[in-house]
Structures are given as structure tokens and as C-alpha cells.
Amino acid sequence: MTTTTVSPSVAPSADGTAPRPRSRRVRRLTGSDRLVLGLMVGVPTLIQAVLVWIPTLLSVGLSFTRWNGLDLADIRPAGLTNYTYATQEYPPFWPAVWHNVIWLVFLALVATPIGLLLAVLLDQKIRGSRLYQSIFFTPVMLSLVMVGIIWQLVYARNEGLLNNLLGTAGTPGATDWFGDSQVNLWAALIATTWRHAGYIMVLYLAGLKGIDPSLREAAALDGATARQTFLRVVFPAMRPINIVIVVITIIEALRAFDIVYVINRGTNGLELLSVLVIQNLVGEGQVIGVGSALAVILLAISLGPIVYYLVRTFRRAD
């Protein structure tokens, strides 16, 4: 990095002696500096483009075609046929949409409040709070596949922990938690909550640590109770964290895949849009056009509420 020294004009001091001139350094980027900055910006941008934006654009393009996924010469335009088939003739589509809605509502109204409650309790400086944080955060460090395997051991019909606790294991009255289409969705949601709540807890703990203590002190001086202080002072002050958590909750609900795929490959009451995408894009009976159309629909559903919420939130801030 080159340095140019500039000597500014200096006025004489009160005793008539001129003070020492101060040099001002103007820094200019050298060629190596520009190369390093270019790599720091260009490499992540390239990775993002290759792994996210280019596949997304290709999926949008393929959703309007017919293709067997083997020879590029076999690609044929199909217009809106794939979207019409997916929404009107594909039987698992609307059950999968409904299950994703249930997944989102459950995470928003059950899992996220549990994470917030854990964060508030652990923020009270109770003894062993670090240990409790580690215990509740442990599921977050596990992959969703591992979470699914753990809960298979809990929900197994004959040897599972839950049926053994209920005393029904090995009997005709044992509940098939993953095989019964009436209950397997709720069983999977409980398994997801076990992981999601720990993630939300960590985010809210970070938000609570960043709250200015003077806000709580002022509320206490005004006679506010602990509940009033949290609802009217602390929670609104965590607005940036709330925005992040809303976005994360929507994404987690719509990208849910691993747990249901481990349970029964997303069938028999566990149909989700993400599972339908994989089923149509991978395997012997792959239908690239339909799978791409489902992926685009999932993307649109994901972006819709997120963009709407962010626009409304930032408009209120302005």
C-alpha cells in the first residue's frame, strides 16, 4: 500500500515560532490490495451464484419444459402444463401444502414461544444456567437426520420409549406413532420442536443480553411488574431479533424434509412440499419439469410472507 505525505500550511504560534508541520498521509490501494479485496468479494459471490442463484434460475426455466433428465436434446417446451398438473392433478400436492401450513403454525405458536420462555428463564442468572443452555442447545448441533433417528427410538411401536412408559409396548393397543396417519404429523412436529426451541432460545438470549439495563430500571421505577416490563419494554426492544426469528421460523417450516423422510419417506400423512420436490427430481421415475415446478411454487410460498413481513416492518420503522 503506497503512502503519500502532504504538508499543509501552518500558522505561526503566539510566540512567533512556527510549530512543527504535521504530515497527513493519504493511503492508496496497491495492486495486491485490490486483488485481495476482489477475491474477498468475488469468491463468496461466485459460490453464492453457483450454489443458489444459477440453480434457482435453471429450476424456473426447467419448470416450463418436459425433460427426462438424461439428454439435453430431449428438453421440450411445456408452457404451464407442469404447474397445471401439480396443482390440479397431482394428488399429494394439496395435502402437502396443508401439512406445511400446519408445520408453520405449530412452530410459530408452540416451538418459538417455548424457545422464548427458555431464554427468559435462563436470563434470570439462575444457578447452572450455562449447563441448562448447553443441554437445550445440544439438539441444534445435531443434524435433522440424527434427530429423526433419535425420535424413532422414542416413538417405535414395540420397543419405543414412549409406549414403554405408557405400558402399551408389545400389545395390540400400542400406538404406531409414525405409522398412523392420524398422529404421525404431530409426532414429527414434537421432534422438530425439540430442536427448533433450542435455536430460538439462543437467539433470544442474545437479544436479552443486548437490552439496555436502564430500560428495565426505568420501568421498575414507574412501578411496572416483571410481566409488564417484558411485554411493554423488553420484547419491543428486541425488534431486530424478532424479525430474524420470524424469517427463520418460516424458512424452517417450509424446508422441513429430513425428519419426515427418515420416518417414512414423507408418505402416509407426512407429505410435505420439499419431499414432493425430491421425489420428482430423484429416482427412476423422475419428472424434472414437475419437480422444478414444485420447487418454484415452494420458493414463491417461502418468499411471499417473508417479503410482506419485512416490507411492513421497515415501513413502520420509517
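The first residue in the sequence is number 1, and the count goes up from there.
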If Ile, Leu, Val, Met, Phe, Trp and Tyr residues are connected whenever their side-chain heavy atoms lie under 4.5 Å apart, and connections chain through other members, are F257 and L51 in the same group?
no
Are [X] and [Y] close enough that some pair of their side-chain heavy atoms sits under 4.5 Å apart?
| X | Y | answer |
| --- | --- | --- |
| I263 | Y155 | no |
| F136 | V202 | no |
| I251 | I248 | no |
| H196 | T112 | yes |
| I297 | T87 | yes |
| L208 | M238 | yes |
| D258 | M146 | no |
| L298 | L294 | no |

Straight-line distance of [X] [atom1] to [Y] [atom2], nearest 0.5 Å:
| X | Y | atom1 | atom2 | answer |
| --- | --- | --- | --- | --- |
| L107 | I200 | CG | CD1 | 8.5 Å |
| M141 | R195 | CE | CZ | 10.5 Å |
| I301 | I250 | CD1 | CD1 | 12.0 Å |
| L273 | W94 | CG | CH2 | 9.5 Å |
| L165 | L161 | CG | CG | 4.5 Å |
| F137 | L142 | CZ | CG | 10.0 Å |

Check whether [X] reaches the backbone of [Y] with its side chain - one donor and one acceptor, N or O, closer than 3.5 Å.
| X | Y | answer |
| --- | --- | --- |
| D212 | L215 | no |
| N268 | G179 | yes |
| Q279 | R265 | yes |
| S274 | A256 | yes |
| N100 | A253 | yes |
| D222 | A224 | no |
| N82 | S63 | yes |
| N280 | L276 | yes |
| N163 | T175 | yes |

What pair of heavy atoms forms the shortest contact from [X] to [Y], and how long is it?
| X | Y | result |
| --- | --- | --- |
| P55 | A49 | CD-O, 3.8 Å |
| W67 | L62 | CE3-CD2, 3.9 Å |
| E271 | H99 | O-ND1, 2.8 Å |
| P44 | V41 | CD-O, 3.6 Å |
| A188 | W103 | CB-CH2, 4.0 Å |
| S59 | S292 | O-CB, 3.4 Å |

Angle between ring planes, F64 versus Y83, binned at 30° and 60°: parallel, tilted or perpendicular?
tilted
Aromatic rings W194 and W151: how do their planes relate, parallel, tilted or perpendicular, breaks at 30° and 60°?
perpendicular
[X] atom [atom1], over 12 foreign heavy atoms within 6.0 Å:
| X | atom1 | result |
| --- | --- | --- |
| Y132 | OH | no |
| M40 | CE | no |
| F106 | CZ | yes |
| R157 | CZ | yes |

